[in-house]
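Chain naming here is simple, since letters A, B, ... match the order of the sequence lines and numbering starts at 1 in each. This structure is a prediction, so every number in the text was calculated from the model and none was measured. Side chains included, hydrogens not; waters and symmetry mates left out as well; all remaining heavy atoms used.
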Amino acid sequence: MVVSCGETTRLGISSSTNAAHFMPRSLTRAKSAPVKSSPVRGSLTSFQALVSAWFAVHQRDLPWRKSQDAYRVWISEIMLQQTQVATVKEYFRRFTSELPTVHDLAAAEEEKVLRLWEGLGYYRRARQLHAAAKEIVQRFEGDFPQQLEQIQSLPGIGRYTAGAIASIAYGQKTPILEANTQRVYARLIGWEEDLTTSASQKRLWEFAEDILPDRDVGAFNQALMEIGSLVCTPKAPDCHNCPVSDHCEAFRQKRQEEIPKPKKKIQFIPITEVALVVRRKNEVLVRQCGPDERWAGLWDFPRFSADQNKPLDQIEDKLKQAAGIEGSLGDHLTTIKHGVTKYRITLLCHEMSFLKGRLRPQAGPDGQARVWQWREVSHLSDLPLSTTGRKLAKLV
DNA sequence: AAGACGGGGAC
DNA sequence: GTCCCAGTCTT
């Protein structure tokens, strides 16, 4: 490790190899006030310089890096929550092209916002984004707030996203901590414990704050995430091409594959469901999902949980009870297997022809009676649907 | 502290 | 198949 003159080593003034006695008295520190040791192995300024230099060369060309406009930074950060960069790219382009400003978003119909979000998942993000835009127009007169606390007060914005926006859009010295940086930081400090405990989170946020440079914080934060994404990967991290391997405790111990501890895996629960394409002339029956269920705000075909062994048992009764209409079960269309959080769903899709009855009136998510509706098949493209709903709609 | 919330990329 | 992803919000 190279320590340049004047920098503090990890051992601070207790190091016997530093050049303190060659320096003017004014640059040395009194023993009675020991300096806080560097948060990383070696010197912090060296670490920061290596991170920034690496980023200048290796950063990807991403659509949200073309400007620092707070609105665009915000949209990208929300889209990127639990969602990979590759997936977000095209969604970001389309969304910001259709709704270029916070005013456009605030004024848009929810249906339009959800349609732009369709396929991205975690749809609450889209509804909260929409709600936040309205709040920004009302509370902040259309100007995206700059104070960290105000940013985080917006729906859908937690500590990570607030820190990301404040640093990237406004250059504020605010820390971030997300999937990439949790892994990077845990390795840098050789953190042994499960990352999900509150003690671990506290330590990692503290580290994130301790390493911040005084300038270009937004680039620095993005650089650490980029290193996590491209170099310091969950499996087989590319330590020999890592700009900060000299500063990494896990690498020093050759335990980068063991740190951080793997997350405990979730036990999947297999379930069987039936979706119905209920036809009445050139219309089909659809339903808007309520605010407290999966795909809240999106539309879906009538869908029922079913017994794995006899999934179609009493299916006509289930439809009658839910929607108030009578139908006759028809052909099997397709079977779609998909996962939602901890569930592995086998979805049997069947035709059903309309016989008689009037749709049961029910209050929709906004209080209006439109949970169940007949929709022209040709207009299904206007409705925001879940991914399975869209697959089914394409077959209709 | 744990669970809910989606869908797809990468191996 | 498995693991993981630029998290947030609610129990």
>> Students often get this wrong, so: under 4.0 angstrom with heavy atoms, is Thr181(A) touching a base, only sugar-phosphate, or nothing?
In response: nothing
>> Does Gly119(A) reach a base, just sugar-phosphate, or nothing at all? Heavy atoms under 4.0 Å.
In response: sugar-phosphate
> With rounding to whole Å, what would you report as the distance between dC11(B) and dA6(C) at their P atoms?
Replying inline: 14 Å
> When all nucleic acid strands are considered with a 4.0 Å heavy-atom cut-off, which category describes Ala179(A): base, sugar-phosphate, or nothing?
Replying inline: sugar-phosphate
>> Distance check, P atoms only: dT11(C) and dG6(B), in whole angstrom units.
In response: 15 Å
>> Reading 5' to 3' and counting Watson-Crick or G-U wobble pairs with both distances under 3.5 Å, write the dot-bracket notation for DNA chain C, | for bases paired outside the strand.
In response: |||||.|||||
> Salt bridge or not for Arg127(A) and Glu110(A), using N-O below 4.0 Å?
Replying inline: no
> Any side-chain N or O of Gln81(A) less than 4.0 Å from the OP1 or OP2 oxygen of dG7(C)?
Replying inline: no
> Which nucleotide in the list dA6(C), dA4(B), dG7(C) gets nearest to the side chain of Tyr343(A)?
Replying inline: dA4(B)
> In whole angstroms, how far is the C1' atom of dG9(B) from the CG atom of Leu80(A)?
Replying inline: 14 Å
> Nearest-Å distance, CD1 (Ile151(A)) to C1' (dG7(C))?
Replying inline: 16 Å
> Taking 4.0 angstrom as the limit, do Lys173(A) and Asp214(A) come out as a salt bridge?
Replying inline: yes
> Looking at Arg303(A) and Asp300(A), does any basic side-chain N land under 4.0 Å from a carboxylate oxygen?
Replying inline: yes
> Which one, dC3(C), dG7(B), dC4(C), comes nearest to the side chain of Tyr123(A)?
Replying inline: dG7(B)
> Just checking Pro262(A): base, sugar-phosphate only, or nothing, at a heavy-atom cut-off of under 4.0 Å?
Replying inline: nothing
> When you measure from the side chain of Ser386(A), which nucleotide among dA6(C), dG7(C), dG7(B) comes out closest?
Replying inline: dG7(B)
> So which nucleotide from dC5(C), dG7(B), dC9(C) ends up closest to the side chain of Arg124(A)?
Replying inline: dC9(C)
> In whole angstroms, how far is the C1' atom of dG8(B) from the CD atom of Glu90(A)?
Replying inline: 15 Å
> Picking from dA1(B), dA6(C), dG9(B), which would you name as closest to the side chain of Thr87(A)?
Replying inline: dG9(B)
>> Given dA4(B), dG8(B), dC5(C), identify the nucleotide with an atom nearest to the side chain of Lys342(A).
In response: dA4(B)
>> Counting the atoms with a prime plus P, OP1 and OP2 as sugar-phosphate, which does Trp117(A) contact under 4.0 Å by heavy atoms, base, sugar-phosphate, or nothing?
In response: nothing
> Is any side-chain N of the basic residue among Glu226(A) and Arg65(A) closer than 4.0 Å to the acidic one's carboxylate O?
Replying inline: yes
> Lys263(A) has an atom NZ; how far is it from atom P of dG7(C), in whole Å?
Replying inline: 9 Å
> Contact class for Thr197(A) (heavy atom, under 4.0 Å): base, sugar-phosphate, or nothing?
Replying inline: sugar-phosphate
> Does Tyr91(A) have Lys89(A) sitting over its ring (NZ/CZ under 6.0 Å from centre, angle to axis within 45°)?
Replying inline: no
> Counting only distance, no hydrogens or angles, is the base of dT8(C) paired donor-acceptor with the side chain of Arg159(A) under 3.5 Å?
Replying inline: no
> Under 4.0 Å between a side-chain N or O of Thr387(A) and OP1 or OP2 of dG6(B)?
Replying inline: no
>> Using whole Å, what does the distance between atom P of nucleotide dG6(B) and atom CG of Leu385(A) come to?
In response: 14 Å
> Can we say Lys112(A) and Glu109(A) salt-bridge, meaning some charged N sits less than 4.0 Å from an Asp/Glu carboxylate O?
Replying inline: no
>> Using a strict threshold of under 4.0 Å (side-chain N to carboxylate O), is an ion pair present between Arg255(A) and Glu192(A)?
In response: yes
> Of Gln128(A) and Met225(A), whose nearest nucleotide on DNA chain C comes first from the 5' end?
Replying inline: Met225(A)
> Counting just side-chain N and O atoms, does Lys265(A) come under 4.0 Å of either OP1 or OP2 of dC3(C)?
Replying inline: yes
> From the list dC3(C), dA6(C), dG6(B), which nucleotide is the closest neighbour of the side chain of Glu77(A)?
Replying inline: dA6(C)
>> Heavy-atom nearest nucleotide on DNA chain C for Ser76(A) versus Ile157(A): which residue maps closer to 5'?
In response: Ser76(A)
> Lys337(A) NZ to dG8(B) P: how many Å, rounded?
Replying inline: 17 Å
> Is the shortest side-chain N/O distance from Ser198(A) to OP1 or OP2 of dA1(B) below 4.0 Å?
Replying inline: yes
> Which sits closer to the 5' end of DNA chain B, Lys264(A) or His338(A), going by the nucleotide each is nearest to?
Replying inline: Lys264(A)
> If you look at every strand shown and take non-hydrogen atoms under 4.0 Å, does Val85(A) touch a base, only sugar-phosphate, or nothing?
Replying inline: sugar-phosphate
>> Taking atom types as they are modelled, would you say the side chain of Thr83(A) forms a donor-acceptor pair with the base of dG6(B) within the 3.5 Å cutoff?
In response: yes
> Hey, does the side-chain of Tyr160(A) have a donor or acceptor N/O within less than 3.5 Å of a partner on the base of dG7(C)?
Replying inline: no
> Would Arg93(A) count as a cation-pi partner of Trp64(A), with NZ or CZ less than 6.0 Å from the six-membered ring centre and within 45° of the ring normal?
Replying inline: no
>> Rounded to whole Å, how long is the line connecting atom CD1 of Ile176(A) with atom P of dC5(C)?
In response: 14 Å
> Within this structure, what is the CD-to-P distance between Glu293(A) and dG3(B), rounded to whole angstrom?
Replying inline: 22 Å
>> Salt bridge check, Glu249(A) against Arg187(A): does any charged N sit closer than 4.0 Å to a carboxylate O?
In response: no
> Using a cut-off of 4.0 Å on non-hydrogen atoms, how would the nucleic acid contact of Arg183(A) be classed: base, sugar-phosphate, or nothing?
Replying inline: sugar-phosphate
> When you check the phosphate oxygens OP1 and OP2 of dC9(C), does a side-chain N or O of Arg125(A) lie under 4.0 Å from one of them?
Replying inline: no
>> Tell me whether Arg360(A) forms a cation-pi arrangement with Trp372(A), defined as NZ or CZ under 6.0 Å from the six-membered ring centre and within 45 degrees of its axis.
In response: no
